[in-house]
Amino acid sequence: MDQLLRSSGSVGANYIEANDALSPVDKIYRIKIARKEAKESKYWTMLLERRLPDDLQAPMSQVRDEANQLMKILGSILKKLDPKWTPNS
């Protein structure tokens with residue numbers, strides 16, 4: 001659970017840093033890190049979902065879906081900033 005909190009918090013922190021980037025390269029790098037952390041958050045929610053009681057699995061599934069949506073949004077931003085970028089999943 002702690003790792004999920006760290007990775008999910010890092011998504012927002014890196015996105016904020018991207019908005020205050022010193023250069024276009026720095027902005028792309030921060031968005032890539034934010035997407036990577038969203039991907040990690042999705043992984044941790046998947047693991048937690050399997051371990052939680054039945055009544056908590058659906059809410060955790062929603063959190064996993066949110067992480068997936070963030071990955072897609074950040075991927076779309078990356079594609080606009082760096083047309084050569086392609087997601088590796």
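Count residues from 1 along the sequence.
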Say whether I77 and M71 are linked into one hydrophobic cluster, either directly or through other cluster members, by side-chain heavy-atom distances under 4.5 angstrom. no
How long is the straight-line distance from OG of S41 back to CG of L5, given to the nearest 0.5 Å? 9.0 Å
Go through the structure and list residues passing side-chain hydrogen bond (donor to acceptor under 3.5 Å, both in side chains) with S10, not counting sequence neighbours. N14
Using the salt bridge (charged side-chain N to carboxylate O under 4.0 Å, His left out) rule, collect all pairs that involve residues 46-67, keeping only residues at least two apart or in two chains. E49-R64
Taking a hydrophobic cluster as the set of Ile, Leu, Val, Met, Phe, Trp and Tyr residues connected by side-chain heavy atoms closer than 4.5 Å, whether directly or through intermediates, do V63 and M1 fall within one such cluster? yes
Is there a continuous path of hydrophobic side-chain contacts, each under 4.5 Å between heavy atoms, that joins Y29 to V25? no
Do L74 and I33 belong to the same hydrophobic cluster, where Ile, Leu, Val, Met, Phe, Trp and Tyr are linked whenever their side-chain heavy atoms lie under 4.5 Å apart, directly or via other members? no
Quick check against the 3.5 Å criterion: does S61 have a side-chain atom that pairs as donor or acceptor with the backbone of Q57? no
Linking I/L/V/M/F/W/Y whenever their side-chain heavy atoms sit closer than 4.5 Å, directly or via other members, would I16 and V11 fall into one cluster? no
Do the side chain of K79 and the main chain of W85 share a donor and acceptor less than 3.5 angstrom apart? yes
Is the closest side-chain heavy-atom distance between I31 and R35 below 4.5 Å? no
Nearest-0.5 Å distance, CH2 of residue W44 to CZ of residue R6: 9.0 Å
Roughly how far apart are M46 CE and N68 CG, rounded to 0.5 Å? 12.0 Å
For the backbone of L78 and the side chain of D82, can you confirm whether one donor and one acceptor N or O come within less than 3.5 Å of each other? no
NZ-CG distance between K42 and L4, expressed to the nearest 0.5 angstrom: 14.0 Å
Return the CD to CG distance between E37 and L70, rounded to the nearest 0.5 Å. 12.0 Å
